[in-house]
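The residues of the chain are indexed from 1 along the displayed sequence. Side chains are part of it too, since the values below use all heavy atoms of this structure and drop only hydrogens, waters and symmetry mates.
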Amino acid sequence: MMSSNHNYLSSKSRLFEHLQQLEDIRYFPETSRDTVEFVKQEFKFLDVFLSLQSFTDEPDMLDVTQKVRDLFQDTVVHFSELRLAEYFDFCTFMVQNKIWLIKMEIRSKYSFPKISSLPNLANIAIPKFAKEFMDIVVGNLRDLVNLGYRHSLVDVPETKKHVDRVVRELKSLQNFVCFVSERFIVPDQSQHHVNFFAHALSVASHASMLVWLYLSGHGYEDQDVALGEINVLLFLQMKFRPIQTSIREIYISVLRVLKSTIQSGGWCPNIQHEHATDVEANFLETIVHNLVELPTNSNASQRVALKDHLPILQEMLNLLRANTICVPIQDLELLRQDIDTVIDVGLFVFSLYHGEDEKEVMAPGEVNPTQDLDLSGNLKRIISTMIRLTIRKAFQSNLPRIHGLGYVDFFLNNLKELQRRHSDSLDYVRNQLQIIQKEFESLQPFLESVTEEGHNDLDKIHRCATQLIGKAYEVEYIVDACISKEAHVLCLKHCLLDIMEEITLLRDEVADIHEKEMVGDVKNSTITAHASSSLTESLRMDEEIVGFKDVTKKLKDQLISGTKGRDVITIAGMPGLGKTTLAYSLYSDRLVASHFDRCAQYCVSQVYSRKDLLLAVLHDVKGEDSQREFKRADELADELRKALFSKRYLILIDDVWETSVWDDLVGCFQDANNGSRVILTTRNHEVANYARFHSDPLLLRMFNDDESLELLRKKVFGEESFPPLLTNIGKQIAKRCGGLPLSVSLVAGILLKMEKKEECWEQVANNIGPYIHNDSRAILEHSFRVLPYHMRSCFLYFGIFLEDSVIPISKLTRLWISEGFVKSCNGKSLEDIAEGYLENLIGRNLVMGTKRSSRGKIKACRIHDLLHDFCKERAKEQNLLLWINRDQKNVNPSSLAYHQKKLAHRLSIYGERYCIGEPSLSWSHVGSIVLHKDVDAEISLDPISLNFHSFKFLKVLDLEFTRIDSFPSGLVYLRYFAAKTKESSMSSFLANHQHLETLIVFNYGNEMSLPVTMWEMVKLRYLLISYCNTTTLIENTRELFDNSKELYDLKTFSNPKFSCVQDADLILRKTPNLQKLRCIFHGIDYFKYCVLHFPSQLETLKIRHKSAFHVKAIPFCISAPNLKNLTLEFFFLHHKRLSEIASLQNLEVLKLNRVDFEDMEWEVRDGEFPRLKVLKLEGIFCFKEWIVADDAFPELERLILRDCEYLQEIPSSFAELSSLKLIEVKSCNKSVENSTRDIWVTKVEDYQISDFDAYVLRTAEEKSRSRATGTGTIPWQIEARAIRAKYVKY
């Protein structure tokens, strides 16, 4: 017998393996695939039949059982590869016929056998067997229903409906089995457990067999199968549900035993089990199912008495289940004392199935559940308590462990508004909300004090701040639930009462902290911040590289004097060694750069796009071309190859991870035997060797002790020397950094924020350990720990961006503000405060500035790869941020479903397939979504439709690189939105999203009119619409517009199009606090002889005429008393208008692009442009003579001239400007170049001014590469690329 069973198991395994292989054949005919699928399904049911026979006593079935075993073995032979290759149709026909005959024999003898004994499974627990067996049965029936077969009764609508119901009942029983199995204790197994599992196995087996025997398979259309198949199904449902007394007693008895075991302390839940919460939630689903299916004639008198309470019970159970799913495993232990409440509810619901004439048999000492559990009182209160616990635990588990201090500001504003707008829905909890509001307002000074450094008990202060902000999140969630009526108001009210108590405790703790600090008045001196300086001063982007002098000299020689053939200079080494810094210093070196005709650079990183790389290199080599975006990568590669052909080029490819990157590019780099070079950096030695050409890869060494000490000195003290008292401890710290430049920089960032005392530095030395052995993680951890609380979330937020991203400062600060990271402070704008946060991070060497504006302020930043990895990992640990790769293949769907429950508070999504899946309750806790550009797509033109209604608490939705075909709806808390669209209207979107602070819409193809609803967006701070028409707004809704609100908070407005002075005047009056405005003027004739009064706080103004081909005179006078930055494009400028501009007293930057001067002349008189620091003239063809008085431009620092082909010369008076630091000339005539050289000679040689630079930038097409010097050794000309490395593109 044992041998026969072993042979059967072996045959079964081989048979299903063969069948799966057949299904996987790629080009298998569809009819053949259907046949294989049918045969596989039949054998699954035959396997269930054999399992049933193993624990039933049915002598009549012994011969059939053996036939089934033999069929498995025979079919393995029939379905062998050799047989099927020649006789597939014959073999499958033979097998199907045998199955049919055996099936008919089973059907004729089937008699609902009782389970005589549970199987002896040799150390395999009975509950485990029962769960696995029911998984198989449910799976088989679902496949049968979903797949269906021709001529099968399962496909008959009425029959299918009943089979679906059987599957639901079976699934409900399966949930019950799992719940009991989790609490099954083998040594104490009782007869109640045995009866329960025997019943479950019996019902599952019979359900499977009857559906298979009577309703599935080919050929039934010719059989008399009406033998009451519907009655059979109804009978099965009766067996599932506790309608019959015997079944109900089984269910109630096992629950009573479980409750007794739990109360006696004999069991506690397996909380580490991955699906522990699912087990609880699924059993609640079973209870709800049985409550819904309660027969109308069951316990009729009690049903009448409970008529009003049963719907409430159902609602409460559904809510409890939904929130239980979201409770994390680690928090389930906190609820285990209430798990027996679930059992009480199950007992109560099953007791309702009693008939009026039944008398339940009770064991001695037992109490009737219907008497013990008062639904209108005790039970409802217990369930309500459990719901409160699960709601709060589910919500808290999704909160980040670290918060932004500014969130409470938003919360209080929203709370006031919600109470006003939804007074009816919130009436029941109005008192609680008002008390909570006052408590939070009273604690605002505490949150403001958290930003101050030097507290005694930082850990306690940070913990209190985190808990307090967490309460704000909870209250917001509960208020929304009250408004949307998602939970019973009694539960929510009790939740608020619990939160009120917790806030009171926090307030007392905060008062205690404050009292101790007032008494002691002692500040911790180890973390004392220096006074903030401006971002302009704090950023040292042009620092001279420290260390590697020997390496630098060797590499310069290879670049300039090496082989004449093309060569690849590869710098390889571990992260943090300074590969990128070294490579860019070589690339930016004047001597190196002037040696090459074409120069370009790109940072690859892990998220690699061949097309983006080619576009970036082509941009540097050939300049801007908008049509390239629509070309394929192969076309771009060919264009690059042709552009570099026969030229001496220098290409820097930074941070290469895979050899495939080199394969994608090497074909573009032809060898013209003219000394072309490629600089490549990588941490992968395989890549370094793979790309080797002439020169061997440089394996970058570690810093020696002297280099480490020098870098530490330079980072901490600048050009000053080490103070004598700190020299020895400084050497210790530098040595402990293990020769890793990144570690030295991070430690320097810590020391910068400390007092320059020996004991403070010793503390740092002790914290980073005796020696970190080339591992920067310890220093990263310490750098993060000493960050002020309010900057931790700001720093970790860098993990939301792609690796090696260059992040615009304006975007970063807007996101921080919308995320609630920035705490308001009287007298300062949120933008200024956010820039202060960034300055602090830069000062700590955690963030690097990469670009500057005309006035020297940082425009963009990035972080090192190691820091980016740290931010992603720590943000995930803190539940602050989760990365999702939507292109990930071979992902287990059940695993995805499980991890979806654990979504972090912010999602950073990368990949082409942006659809996230079916709605989930856990998604409602997600506060931010950033969808990144699909870098793998060659051309992405098709808009996508995204459904975000499940993310009801979304504050940030950044779809900047995503084209959408409709605006999202229902995101009432949204504060930041960016997207691309063809939509021409967004009226309804704005009407329902009045909390928006940042709105960015790149509308392509259609001009978008501003709806009147936009003027209700009183919280708007930043508005950009790429094609925005204001005329329609004013013409069609002038009365509404006149009566609309003013947008006092709006600081930046980009691209409104004005067609008349009235349009402009009305818009400007509605935005009184604008600081930046970029606008387009159309219909200039309607602006004649007027003064256009811009807001008094306006600092940056860019005005462009719509037509670049019909330049017209600017007809209005600009009145802007605090204007600092002015750009004019495509205008004709009269002398009068130029004088008016020159009289702007605070103007610091003036850019004139494609403008025409009257009489081709510009005269600047004494005293004009009193504070101008930067002057840029570009594309000015009607400009020949420039007359500048001696006392004009008294503070000018930079002069940039580009494409001024007819200008005769730069006036010599510029040589007398002591403030002038730079002249940059490109594509001007020879006389302008000569005058530039004369000014350089005067200032540098005659006046000995060392910090003055003058450059003539040659385009790639200009063949001559003249180099002039004053003494024969100092270059004053250099090609364009090198300057862009040092001075940002203006």
Quiz item: If you measure from the Lys or Arg side-chain nitrogens to the Asp or Glu carboxylate oxygens, is any gap between Arg463 and Glu509 under 4.0 Å?
Solution: yes

Quiz item: Tyr473 and His403: aromatic ring centres closer than 6.0 Å?
Solution: yes

Quiz item: Is the shortest distance from a Lys or Arg side-chain nitrogen in Lys1045 or Glu1016 to a carboxylate oxygen in the other one below 4.0 Å?
Solution: yes

Quiz item: Do Phe821 and His790 have their ring centres less than 6.0 Å from each other?
Solution: no

Self-check item: Any residue meeting side chain to side chain contact (heavy atoms under 4.5 Å, CB included) with Leu505, in chain and number order, not counting sequence neighbours
Solution: none

Self-check item: Within the 6.0 Å centroid threshold, strictly below: Phe784 and Phe870
Solution: yes

Quiz item: Cut-off 3.5 Å, side chains only: do Tyr976 and Ser928 have a donor facing an acceptor?
Solution: no

Self-check item: Ion pair Arg814/Glu997, N-O distance below 4.0 Å
Solution: no

Quiz item: So does Glu441 pair up with Lys438, basic N to acidic O under 4.0 Å?
Solution: no

Quiz item: Quick one: do Lys471 and Glu476 make a salt bridge, cutoff under 4.0 Å?
Solution: no

Quiz item: With a 4.0 Å cut-off, would you call Glu877 and Arg401 a salt bridge?
Solution: no

Quiz prompt | Gln437-Gln419 side chain donor-acceptor pair, cut-off 3.5 Å | solution = yes

